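Quick notes on the structure that follows.
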Amino acid sequence: MLTYPIAGKTVFITGATGGIGAATARTLHSRGANVVLADRGIDATSALARDLGGDRTLALSVDVTDSAALADAVDRTVDRFGGLDVVFANAGIAADPPATIATIDPAMFERVVEVDLLGVWRTVRAALPHVIAARGHVLVTASVYAYFNGMTNAPYAMSKAGVEQFGRALRAELGIHGASAGVLYPGWVHTPIAGAAFGSNDITTRMREIAFPSLLGKAIAPTPVADAVVRGIENRSARVMVPRRWVPFSALRGVLNPVTDLIAERHPELRRLLRRLEESVGPTGKSPQTDSPR
């Protein structure tokens, strides 16, 4: 496909006030795009819109689990800017505190899937007629957890694997309309959603250090992710992987996954830490839990 310059395009972003969302909004706005900031809190989206300044922003309070609210947000976007060219379905949460499948609060498990997987579906479905009409682009946020073992983070990982499949299917289907879709695969990024693996939970921080050695376990700032997102949109890329050191692991997942799964299953220290985590949560999974934005 031909490249797709972002200047003058209208981009709808969910999870817009989180680390990746806000950084992407800033980069898009600086490149001349109209930016629609959709997130659950109107105060936060309004503050970001004021910070960006100008007439090319629209702040909205939207819950991605609410189809009617998303449809209304899309209508308001079209009324304001005359159309909708790009949707970036980026809203996401993770269970906090982390827990195993046996001990997680079932309501929390289902909430994560509701936001991270079904929220992507609802967001894209609401925007899709306009994106098709504009021959535009859809970008959905998956993760390296789409193909890496998701122990202690199962609802997040299974949602991201589903998002990957959703984005791949969507790209094939949009081709007949002259539109496109892509999947974003961030590695570790310094955002609240990664906090449990970087100090806020001692057990999962140590597990990350064991399971993701060397450079794989290092987090990057949101800004390089935002730069990669904008390049991916403008190139209509099928896959946006950032940082690039994760590319071989995705390409070789059929070979590496059985090996990493075996390590996760048998590593003595990981097994000890998993037992500690289960003991800290307890069999009911009722420890205090909150949404952690991306």
Side-chain angles (χ1 to χ4, degrees), residues 20 89-90 92 94-95 98-102 104 109 112-113 116-117 120 138-173 175 180-191 193-194 196-198 203-220 224-225 227-229 231-232 235-275 277 294:
I20 293 174
N90 173 65
T100 63
I101 294 170
I104 192 171
F109 190 105
V112 173
V113 175
D116 292 9
L117 178 57
V120 168
V138 176
L139 184 64
V140 295
T141 299
S143 166
V144 295
Y145 269 114
Y147 51 87
F148 214 88
N149 192 294
M151 61 179 178
T152 76
N153 210 4
Y156 183 86
M158 67 180 279
S159 297
K160 296 308 180 180
V163 167
E164 178 188 43
Q165 290 297 326
F166 178 79
R168 290 174 59 195
L170 187 64
R171 184 177 180 87
E173 294 169 1
S180 55
V183 181
L184 171 65
Y185 302 84
W188 296 106
V189 183
H190 283 300
T191 66
I193 205 170
F198 287 88
I203 298 174
T204 51
T205 295
R206 179 57 184 148
M207 293 180 75
R208 187 262 308 166
E209 291 170 349
I210 295 169
F212 297 87
S214 189
L215 287 177
L216 294 181
K218 295 185 181 299
I220 63 173
V225 182
D227 293 340
V229 165
R231 286 195 303 272
N235 291 325
R236 295 186 182 268
S237 300
R239 289 163 293 279
V240 180
M241 296 190 178
V242 58
R244 296 289 295 172
R245 56 180 172 258
W246 285 100
V247 171
F249 285 83
S250 176
L252 297 173
R253 65 176 76 178
V255 175
L256 294 176
N257 278 358
V259 176
T260 56
D261 286 352
L262 192 63
I263 293 171
E265 178 186 350
R266 297 187 179 181
H267 193 287
E269 180 67 2
L270 288 176
R271 288 167 62 88
R272 186 185 69 81
L273 290 166
L274 278 171
R275 289 193 186 95
L277 186 69
R294 187 187 313 287

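Fair warning: this is a prediction, and the values are worked out from it, not measured in the lab.
- Under the 3.5 Å distance criterion, the side-chain polar atoms of R253 are matched with a main-chain donor or acceptor of S250.
- Side chains of Y156 and I193 form a contact here, defined as non-hydrogen atoms less than 4.5 Å apart.
- A181 and G167 get closest at one heavy-atom pair: CB-O, 4.2 Å.
- Inspection of the R208 and T205 side chains reveals no N or O donor paired with an N or O acceptor under 3.5 Å.
- Annotation: side chain of M207 is in contact with side chain of I203 (closest heavy-atom distance under 4.5 Å).
- Within the 4.5 Å cutoff, side-chain heavy atoms of M158 are placed close to those of F109.
- In terms of heavy-atom proximity, V112 sits nearest to S159 at O-OG, 4.0 Å.
- More than 12 heavy atoms of other residues, nucleotides or ligands sit less than 6.0 Å from atom CG of L262.
- Note: W188 and Y145 have perpendicular aromatic rings, judged against thresholds of 30 and 60 degrees for the angle between ring planes.
- In terms of heavy-atom proximity, P155 sits nearest to I104 at CG-CD1, 4.0 Å.
- A donor-acceptor pair under 3.5 Å is formed between the side chain of K160 and the backbone N or O of T141.
- Nearest approach of S180 to R236, heavy atoms of both residues: OG-NH1, 2.7 Å.
- The backbone N or O of M151 sits less than 3.5 Å from a side-chain atom of N149, completing a donor-acceptor pair.
- With rounding to the nearest 0.5 Å, the separation of CD in E164 from CG in L117 is 12.5 Å.
- Within the model, atoms CD1 of I263 and CG of L256 stand 9.5 Å from one another, a figure rounded to the nearest 0.5 Å.
- Using a distance-only test at 3.5 Å, with no hydrogens or angles considered, no donor-acceptor pair links the side chain of N153 to the main chain of P98.
- You'll find the side chain of V140 reaches within 4.5 Å of the side chain of F166, heavy atoms only.
- Here the CZ-CZ distance, from R206 to R272, works out to 8.5 Å after rounding to the nearest 0.5 Å.
- Nearest heavy atom pair, residue I210 against residue L273, reads CD1-CD1, 3.9 Å.
- When side chains are defined from C-beta on, V242 counts as touching L184, because their heavy atoms get closer than 4.5 Å.
- From T204, atom OG1 reaches atom CD of E209 across 10.0 Å, with rounding to the nearest 0.5 Å.
- Between A157 and G150, the closest heavy-atom pair is CB-CA, 3.7 Å.
- Under the 30°/60° scheme for interplanar angles, the aromatic rings of Y147 and Y185 are found to be tilted.
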Check your understanding: Could you go step by step and tell me if V163 and D116 meet the side-chain contact (heavy atoms from CB on, under 4.5 Å) rule?
Key -> CA-CA 8 Å; V163 167; D116 292 9; 5.8 Å; no
